[in-house]
Amino acid sequence: MNRNTPARRRPGRRAAITAGLVLALGLGAVAQASAAEPRSVGGKFGTSASATALSGSGDPLSGRRMLRVLKSTLPKGGKISDQQSQDGYAAVVWDDGRGKSMIGVNAQYDKGDLHMGCEGQYIECQALTLADGTLVKRAKRASEKGGSTVVWLVDTLHPDGSRVVVQEVNSFIEGGPVTRPEPPLTLDRLQTIALDSRWVG
């Protein structure tokens, strides 16, 4: 057995990362349960029905692809100490040298009826519409899981109903111990990641 394989070295933390991401994105109890107990099928994690994105061919985006795209969008020079993916979402624990942060992305489809306003308890929130009709919510909020962590996120909803949410916390898991004063990426950077065409292409 390879001791350096994160899945075998820290299975509890990997499950916690995924469950924390799903909770933060408000995907519901079914997806939370699926994330907390990932099913291994041929070396891949099983599909969470509540966290599904469609590619151009109409097939769900695989967790492997989600993870590959997420990693490619992060600034150069950072280190990834943990990662988790499943069809429709991916999360990594990333450190730019100033402390660990969980950064995750969730991609879904057929969400055209989703409300994208700023109602709720936010430290900061901005809702806007891009020229192509894409709705964007940029927000900062306190962790809903308690503690001192904060969540920064960009939520995007395209006219065709595809939705991509990118979020980060100033810890390796939402509600965990604070590892840095703020999350590492700006909202502008999160928006650029969320609008990457590879999530739905």
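When a residue number appears, it is its place in the shown sequence, counting from 1. Computed from a predicted model, the values in this text were never measured in an experiment.
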Shared ILVMFWY cluster between [X] and [Y], side chains joined below 4.5 angstrom?
X	Y	result
M116	L130	no
L190	I123	yes
I80	V105	yes
V164	L195	yes
L135	L114	yes

Looking only at heavy atoms, which two atoms of [X] and [Y] are closest? And how far apart?
X	Y	value
G176	S171	C-OG, 3.6 Å
E144	E174	N-OE2, 3.1 Å
E182	N170	C-CB, 3.7 Å
G63	D87	N-OD1, 3.3 Å
M102	F172	CB-O, 3.5 Å
D96	R180	OD1-NH1, 2.8 Å

| field | Any donor-acceptor N or O pair under 3.5 Å, side chains D188, T186 | value | no

Close side-chain approach of [X] and [Y], heavy atoms under 4.5 Å:
X	Y	result
L128	R138	yes
V150	S143	no
K137	C125	yes
L157	D155	no
L187	E124	yes
S101	T179	no

| query | Around atom CG of D110, are there more than 12 heavy atoms of other residues, nucleotides or ligands at under 6.0 Å? | reply | no

| query | Atom NE2 in H158, atom NZ in K111: separation rounded to 0.5 Å? | reply | 14.5 Å

Look only at the side chain of [X] and the backbone of [Y], and say whether a donor-acceptor pair between them is shorter than 3.5 Å.
X	Y	value
T149	G175	yes
W199	V165	no
N106	Y89	no

| query | Are any of the side-chain nitrogens in D82 or K100 under 4.0 Å away from the carboxylate oxygens of its partner? | reply | no

| task | Assess whether side chain to side chain contact (heavy atoms under 4.5 Å, CB included) is satisfied between L185 and I193, documenting all intermediate values. | result | CA-CA 10 Å; L185 307 181; I193 295 173; 4.0 Å; yes

| said: Under the rule for side-chain hydrogen bond (donor to acceptor under 3.5 Å, both in side chains), what residues qualify as partners of R189, not counting sequence neighbours? | reply: none

Listed pairs under 3.5 Å, donor-acceptor, residues 66-75 side chains, sequence neighbours left out:
from : atom 1 : to   : atom 2 : distance (Å)
K71  : NZ     : Q83  : OE1    : 2.7
S72  : OG     : V69  : O      : 2.7
S72  : OG     : R198 : NH1    : 3.1
S72  : OG     : R198 : NH2    : 3.1
T73  : OG1    : L70  : O      : 2.7

